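The structure displayed is predicted, hence computed values, not measured ones.
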Amino acid sequence: MIPVTYTALAVAMFFLQDAYFSIGGIELSLKNPCALGIVFLALLNFIVTVRLGRVMVLTRHAIIQALPFLIPLVFSAIIWVSSGVGSVAVINGVSMIVPQLLSVLVAAATLYLFGEKGIWYCLGAMCAANFLSVLVVIQEGGLSQFLQELCALVITFSRETGPLMVRLESHDITFAFGPFLLYLLLNWKRSPRPLLWLGLITFFFLVGLKRIGIPAIALSFTVAFLLRLLPEKAARQTALCAAVAMMIVSFLYIAGIRYGLFAYLEEQLQINTMGRVKMFANLEPYYDISFTYMGRGTGFERFVDWASGTVYQTPSQDLMPIHNDFLRMYMNIGFVGYWVWLWGWLIARLRYWFRQGGADAGCLFLGICVYSFVLYATDNAIYYPYTMIACALVPMACGLDAQAQAALEERCAEWRRQGGEAPAFQSGSEAGGDPI
């Protein structure tokens, strides 16, 4: 019953990405009630099963995975209070952070219900939702037209996109396949039916083809694979050096944008920057490369149409977004906040995963960070809920069953040392047992 209920909720969550309803004039996404339903399902199951090992491990995992979302909330709160902004700006900013935290909870709930198998339940739901979207498009446009447009999309590497392919072009769910593909490639022999999963991921990735996703996954797999060839201590040290390099490069990228990098690329090298020169010029009045730059608060970008520079009194999701999450984060939480956020996103979590899950989890997590780094530099993936679920769930699933069993045994041994009687737990329920 639990697998069926979870699958129905997860498929609906992934399928209803563009469906909205209104309460009191506020537009809300239908996927959020489905996400809350998954969390509630895990809570109900917890009351019945009380898998203590999973609870202890997933609680730690969820806190560390939520750290990059909590840091901007803290710095934004300081900015909002010190600058005396209105309640509209505060609600707007909080509404951008809450879905990030909800994504981590959905990932933790999935893994509580199914253990390591949760990664395949979630991936299966994503594939089923994508398949339903494809069926809807085929019903409207016909199978022949769909196949023609798909072939043109792949052959031209998305330079030619027909109307049916535009309907299926979802940056979020396409990017969300990346972490799953990385996990599959790094754990090929331990994955169930790897060829089937590879075929499904490849097909749906091509249906919603985003060109930047291909070099992102290629680079992340190369880094993670090579790192796993090293001894664990060397792999950890190399990963931390890579993380520090990513932090420095991201800041230099922001500084380069401020001082005319894209204008140089467009004017001197004749590279088409897709309107980014004008967009970044409209951004210049709102931030400085300075230690004293405090930031504007999370969600500020929704008050300005970056295509024209027009400022609005109320936020809107329909304005042209900043296709650069590093610059967006820097503008929102300032110089100090940005470096603290980078530490939480990279260094703190990377050290945690190497300590908690060994080289396998640490290298996998660095690969996910490299993948995200490429997306953050070119897109708006930091607020994509499906991509956030994938980036949170995949490292949390790595070695989860063994970690949960070890945590349970350690806690029981501690109770015995204290002279008490350890509660009776079924070990199978921790090590990948079926949910009740």
Close side-chain approach of Ile217 and Phe205, heavy atoms under 4.5 Å:
no

Got Phe203 and Leu206 here, is their nearest side-chain heavy-atom distance under 4.5 Å?
no

If a pair satisfies ring pair (Phe, Tyr, Trp, His ring centres under 6.0 Å) and one of its residues is in residues 381-400, list it, with sequence neighbours excluded.
Phe14-Tyr386

Does one side chain, of Ser191 or Tyr183, offer a donor that lies under 3.5 Å from an acceptor on the other?
no

Verdict with supporting geometry, Trp120 and Leu184, side chain to side chain contact (heavy atoms under 4.5 Å, CB included)
CA-CA 10 Å; Trp120 309 115; Leu184 179 66; 4.0 Å; yes

So do the side chains of His61 and Trp353 get within less than 4.5 Å of each other, counting heavy atoms only?
yes

How far does SG of Cys363 sit from CZ of Phe354, to the nearest 0.5 angstrom?
4.0 Å

Kindly indicate whether the side chain of Asn380, heavy atoms from C-beta on, has any atom under 4.5 Å from the side chain of Arg328.
yes

What's the verdict on ring pair (Phe, Tyr, Trp, His ring centres under 6.0 Å) for Tyr352 and Phe365, showing C-alpha distance, side-chain angles and the deciding distance?
CA-CA 10 Å; Tyr352 172 84; Phe365 181 73; 9.0 Å; no

If only side-chain N and O atoms count, and only distance matters, is there a donor-acceptor pair under 3.5 Å linking Tyr112 with Thr49?
yes

Closest heavy-atom contact between Ala35 and Leu102?
CB-CD2, 3.8 Å

Is Asp360 paired with Arg190 through a side-chain N to carboxylate O contact shorter than 4.0 Å?
yes

What pair of heavy atoms forms the shortest contact from Leu168 to Val134, and how long is it?
CD2-N, 4.0 Å

On a heavy-atom basis, which atom in Asn332 and which in Ile79 lie closest, and how many Å separate them?
O-CD1, 3.4 Å

If we check ring pair (Phe, Tyr, Trp, His ring centres under 6.0 Å) with Trp345, which of these qualifies: Tyr338, Phe69, Tyr376?
Tyr376

Non-hydrogen atoms of Ser290 and Tyr330 that approach each other most closely:
N-OH, 3.4 Å

For Phe177, which residues count as a ring-ring contact (aromatic ring centres under 6.0 Å, His included) partner, sequence neighbours excluded?
none

Taking the ring centre of each residue, are Phe251 and Trp339 less than 6.0 Å apart?
yes

The reported gap from CD in Glu301 to CG in Leu327 (rounded to nearest 0.5 angstrom) is 10.0 Å

Side chain to side chain contact (heavy atoms under 4.5 Å, CB included) assessment of Leu58 paired with Leu400:
CA-CA 8 Å; Leu58 288 173; Leu400 172 64; 4.0 Å; yes

Residues which pass salt bridge (charged side-chain N to carboxylate O under 4.0 Å, His left out) with Arg302, listed by chain and number, not counting sequence neighbours
none

Calculate, to the nearest 0.5 Å, the distance between atoms CD1 and CG belonging to Ile38 and Leu113 respectively.
9.0 Å

Hey, does Ile78 have a side-chain heavy atom less than 4.5 Å from the side chain of Met294?
yes

Does Arg351 CZ have over 12 foreign heavy atoms under 6.0 Å away?
no

For Phe131, does the CZ atom sit with more than 12 other heavy atoms under 6.0 Å from it, leaving out its own atoms?
no

Run the side-chain donor-acceptor check on residues 3-10: report pairs under 3.5 Å with partners two or more places apart or on a different chain.
from: Thr5; atom 1: OG1; to: Met1; atom 2: O; distance (Å): 2.9
from: Tyr6; atom 1: OH; to: Thr110; atom 2: OG1; distance (Å): 2.9
from: Thr7; atom 1: OG1; to: Pro3; atom 2: O; distance (Å): 2.7

Quick check: do Val304 and Leu319 have side-chain heavy atoms less than 4.5 Å from each other?
no

Show your working on ring pair (Phe, Tyr, Trp, His ring centres under 6.0 Å) between Phe335 and Tyr293 and close with a plain yes or no.
CA-CA 6 Å; Phe335 185 96; Tyr293 175 65; 9.0 Å; no

Please list every donor-acceptor pair under 3.5 Å in which a side-chain atom of residues 238-245 meets a protein atom from a residue at least two apart or in another chain.
from: Thr238; atom 1: OG1; to: Ala234; atom 2: O; distance (Å): 2.7

May I ask you to test the Arg258-Asp288 pair for a side-chain heavy-atom distance under 4.5 Å?
yes

Which residue pairs pass the side chain to side chain donor-acceptor pair (under 3.5 Å) test when at least one of the two sits in residues 198-225, sequence neighbours left out?
Ser158-Arg211, His171-Lys210

Glu410 CD: over 12 foreign heavy atoms closer than 6.0 Å
no

So that I know where these two stand, are Phe326 and Phe373 an aromatic pair - ring centroids less than 6.0 Å apart?
yes

Nearest heavy atoms of Gly208 and Thr174, plus distance in Å
O-OG1, 2.9 Å

Contact between Trp188 and Leu198 at the side-chain level, heavy atoms closer than 4.5 Å - yes or no?
yes

Just verifying a value: how many Å separate Tyr259 OH and Ile289 CD1, rounded to the nearest 0.5 Å?
6.0 Å

Reported CD1-to-OG1 distance for the pair Ile382 and Thr387, which is rounded to 0.5 angstrom
11.5 Å

CZ of Arg54 to CZ of Phe114, rounded to nearest 0.5 Å, is 9.5 Å

